[in-house]
Protein chains: 2
Amino acid sequence: MAAKDGYILERQAGHLLRRAHQRHSAIFQENIGDVQLTPLQFAALVKLRDLNEVSQNHLGRLTAMDAATMQGVIKRLASRGLIERRPDPNDRRRLILSLSDEGQALINALVSNGGGITAQTLAPLSAAEQKTFLDLLTKLAQLNGEAE
Amino acid sequence: MAAKDGYILERQAGHLLRRAHQRHSAIFQENIGDVQLTPLQFAALVKLRDLNEVSQNHLGRLTAMDAATMQGVIKRLASRGLIERRPDPNDRRRLILSLSDEGQALINALVSNGGGITAQTLAPLSAAEQKTFLDLLTKLAQLNGEAE
DNA sequence: CAAAAATTGTTTGTGTACGAATAATCCAGG
DNA sequence: CCTGGATTATTCGTACACAAACAATTTTTG
């Protein structure tokens, strides 16, 4: 914990963010149950549920995933039959993504409990602290100028 | 941004933590300069600087890295000559890690600017907000009972 | 003390992350 | 209209992240 100069690893934002994210991931896994689904896969399904149809890159932007990362996430979801891919007739570069019936049913079932994961992640804080924390964290999560 | 039920991805702790961590990583890369060093490699060097000598697993615990992850991080640092590995004469399972002269010099030079990365990460917040945020984040980063 | 339990480091396999390069396609300015 | 620039999706390479299984040890316990 001590350090030669004033530099203490345990006080650095990056280290703490990483640890908090680790803890959240563990909570996510516990709560998601027997369904084998990662946080990113979950996020992609949620956004797809909100929008019905989006191109792969666009979905990546909305879920903060790199195009290369998105590719892998989508490939795995598609191979499990949770989402469907079809070419965009208006733009042949694009791939239009949508939920399959199975994917729709799965994400609907999971979302009802989704808030519980955030609640459990923030459980060490009081209600007031939770609100403060989420507000501040939201500011720090903004990359640059974000819109939609 | 909208959702069918009340579930909004952008308000979930996990999603925000992930985004904030992404933003921090980008800031880290910009500030670390031409030295090719990742946040985890940096953390390992910092801790090694504080303690002089530690076993690999112990260092992993102090930096919140999985044993398998630590293995890779250490291997890369050792192959670059930044750290040294030697067997523990008292426990033949253990590998004792320490900084090489080069590693020592490198981390000393980087630590002087290390605080700047956290400052830049937290820059969107006021001074008071920064303190609040770090305090709350510290609580959320605690896995269970932690000591040492 | 000897068998059982725990630790240390390694390897394997899957899944993010993301820079960089590429092919196919779209689009805008001249 | 047509050519240079942007966009979309894919692939490659490197680096986490972590569960699971292992061999070599150490430690604990009956």
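If you check the side chains of B:S100 and B:E84, you find no donor sitting under 3.5 Å from an acceptor. A donor-acceptor contact closer than 3.5 angstrom is absent between the side chains of B:E53 and B:S98.
Identified under the salt bridge (Lys or Arg N to Asp or Glu O under 4.0 Å) test for residues 118-138 of chain B, with sequence neighbours left out: A:K139-B:E129, B:K131-B:D135. For residues 88-111 of chain A, the pairs satisfying salt bridge (Lys or Arg N to Asp or Glu O under 4.0 Å) are A:D91-A:R93, A:D91-A:R94, with sequence neighbours left out.
Between the axis at the start and the axis at the end of the helix from C:dC1-D:dG30 to C:dG30-D:dC1 there is an angle of 20°, using five pairs per end and rounding to 10 degrees.
Cluster membership check: A:L99 shares its hydrophobic cluster with A:L97, using side-chain heavy-atom separations under 4.5 Å among Ile, Leu, Val, Met, Phe, Trp and Tyr. Taking hydrophobic clusters as Ile, Leu, Val, Met, Phe, Trp and Tyr residues chained together by side-chain heavy-atom distances below 4.5 Å, B:L9 shares a cluster with A:M65. Under the 4.5 Å side-chain contact rule for hydrophobic residues, B:L59 and B:I96 do not share a cluster.
Along DNA chain C, the nucleotide nearest A:R92 and the nucleotide nearest A:T38 are compared for position; the residue whose nucleotide lies closer to the 5' end is A:T38. Map A:Q41 and B:N57 each onto its nearest nucleotide of DNA chain C; the residue landing nearer the 5' end is B:N57.
Straight-line distance from the CD atom of A:E30 to the P atom of D:dA19: 11 Å, rounded to whole Å. Counting to the nearest Å, the C1' atom of C:dG15 and the CD1 atom of A:I32 are 15 Å from each other. Between A:R61 atom CZ and D:dA6 atom C1' there is a gap of 12 Å when expressed in whole angstrom units. For B:D91 and D:dT28, the CG to C1' distance is 15 Å, given to the nearest whole Å. We find that CD of B:Q36 is positioned 18 Å from P of D:dG13, with the value rounded to whole Å. Summarising the geometry, the separation between CG on A:L40 and P on D:dA17 is reported as 13 Å, rounded to the nearest angstrom. Distance CZ (B:F28) to C1' (C:dA17): 15 Å, rounded to an integer number of Å. Rounded to a whole Å, the CD atom of A:Q29 is 11 Å from the P atom of C:dG15.
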Legend entry - Sugar-phosphate or base contact per nucleotide [nucleotides 1-6 of chain C; S, B, -; heavy atom under 4.0 Å]: ------
Inset, instruction - Sugar-phosphate atoms are those with a prime plus P, OP1 and OP2; base atoms are the rest. Using that split, label each nucleotide of nucleotides 18-23 of chain C B, S or - for protein heavy atoms under 4.0 Å, 5' to 3'. - result: BB----
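Without hydrogens or angle criteria, A:R23 side chain to A:T121 main chain gives a donor-acceptor distance under 3.5 Å. Side-chain atoms of B:Q120 do not come within 3.5 Å of backbone N or O of B:I27 as any donor-acceptor pair.
Within residues 71-90 of chain B, the residues approaching DNA chain C are B:Q71, by heavy-atom distance under 4.0 Å.
The aromatic rings of A:F42 and B:Y7 sit perpendicular to each other, their planes meeting at more than 60°, with 30° as the lower class boundary.
Put simply, CG on B:L37 and CG on B:L82 are 7.0 Å apart, with the number rounded to the nearest 0.5 Å.
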